[in-house]
Amino acid sequence: MRPGRVLPRSFYERAPDVVARELLGCVVEAESPEGVVAVRLVETEAYAGPDDAASHAWRGPTPRTAVMFGPPGRSYVYFSYGMHWALNLVCEPQGRAAAVLLRAGQIVSGVDLARTRRRPGALEHRLAAGPANLAACLGLDGTWSDRPVTSARGALRVRAGERPPTGDVLTAARVGISRAVDVPWRFALADDPRVSSPRPRRPPG
DNA sequence: TGCATGATGTTCT
DNA sequence: GAACATCATGCAC
């Protein structure tokens, strides 16, 4: 796969559902002293600001969520359930909170390193299935939060990928939340085994 | 194949 | 004190 250009800040300066959908097929790269792991995204979710009851930013900025209110094109890495990290990309102009949660992807580079960070015998299509697994493959923790992802020289960056056909993008309700459960802001590539469960279905028609 | 459960820190009520 | 943008395991069917 020919590596695409690093996505510019303007890409993220839009509504989170638009960014989430267009991120499918793009490649996230995390570079550390151990090496580089690259993941082609197959599943994302959009989260908005104070209007979205499922969003961390719903009740306004806190020390944890301040990043979401900052400039777009930066990382928001949060710790959840006492043991997992998850990677988000901040969207919308500065002052408006929104982010895209990266839920699952295909390892396209650094598979061995990713497997070392997960489980020795892990199957490829399970390595980065789920937001915590994805972050683990990339070797992320809280120190990776609030970093730009728009610089080709940065340790964390996102490259343009092959745009999937519109008919291959599934839309569904978000997973693992208890508020605003009907908002269809989960996006995934159809028929990709790495999409975390429950698998979304093709829209009717 | 599918559900109940434990691990465990940060945030909010 | 409870909830939470989770995952792997174990056991029932």
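Quick note on labels: first sequence line is chain A, next is B, and so on, each numbered from 1.
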Expected rows: protein N/O vs nucleotides 5-9 of chain B N/O, under 3.5 Å:
from	atom 1	to	atom 2	distance (Å)
B:dT8	O2	A:Tyr81	O	2.5
B:dT8	O2	A:Gly82	N	3.4

Measure centre to centre between the rings of A:Tyr78 and A:His56, then say whether the value is under 6.0 Å. yes
I'd like to know if the side chain of A:Ser55 and the backbone of A:Asp52 have a donor-acceptor N/O pair within less than 3.5 Å. no
Applying a 4.0 Å non-hydrogen cut-off, can you work out what A:Asn88 is touching in the nucleic acid: base, sugar-phosphate, or nothing? base
Length of the line joining A:Arg119:CZ and C:dA8:P, which is rounded to integer Å: 7 Å
Intermediate values then yes/no, salt bridge (Lys or Arg N to Asp or Glu O under 4.0 Å), A:Glu124 and A:Arg115: CA-CA 8 Å; A:Glu124 185 277 332; A:Arg115 189 173 278 120; over 6 Å; no
Under a 4.5 Å cut-off applied to non-hydrogen side-chain atoms, are A:Leu102 and A:Val28 in contact? yes
Is it true that A:Asp17 and A:Arg186 have a side-chain N and a carboxylate O under 4.0 angstrom from each other? no
Salt bridge present between A:Glu162 and A:Arg40 (N-O < 4.0 angstrom): no
Would you say that A:Glu29 contacts A:Val149 through its side chain, given a criterion of any heavy-atom pair below 4.5 Å between the two side chains? no
Whole angstrom is fine here: how far is it from CD in A:Glu43 over to C1' in C:dA5? 12 Å
Looking for any heavy atom pair under 4.0 Å, which part of the strands does A:Arg179 touch: base, sugar-phosphate only, or nothing? nothing
With a cut-off of less than 4.0 Å, is there a side-chain N or O of A:Arg126 near OP1 or OP2 of C:dC7? no
Describe the nucleic acid contact of A:Ile177 in one word from base, sugar-phosphate, nothing, applying a heavy-atom distance below 4.0 Å. sugar-phosphate
When rounded to the nearest Å, what value does the distance between C1' atoms of B:dT10 and C:dA8 take? 22 Å
Would you call A:Glu45-A:Arg174 a salt bridge at under 4.0 Å N-O? no
Would you kindly give the CZ-to-P distance between A:Arg117 and C:dC7, to the nearest whole Å? 17 Å
Do A:Leu134 and A:Glu43 come close enough that some side-chain heavy atom pair is under 4.5 Å? no
Heavy-atom contacts under 4.0 Å between residues 47-68 of chain A and DNA chain C, which residues? A:Tyr47, A:Ala54, A:His56, A:Met68
Distance, rounded to the nearest Å, where A:Tyr78 contributes OH and C:dA5 contributes P: 7 Å
Using the P atom on both, measure B:dT5 against C:dC13 and round to a whole Å. 14 Å
Any chance you could encode DNA chain C as dot-bracket? Rule is Watson-Crick or G-U wobble with both distances under 3.5 Å; [ ] for pairs crossing earlier ones, | for another strand. ||||.|||||||.
Any A:Cys91 side-chain heavy atom under 4.5 Å of A:Val100 side chain: yes
Gap between atoms CZ and C1', on A:Arg174 and C:dC4 respectively (whole Å): 14 Å
Does some side-chain heavy atom of A:Val39 sit less than 4.5 Å from a side-chain heavy atom of A:Leu138? yes
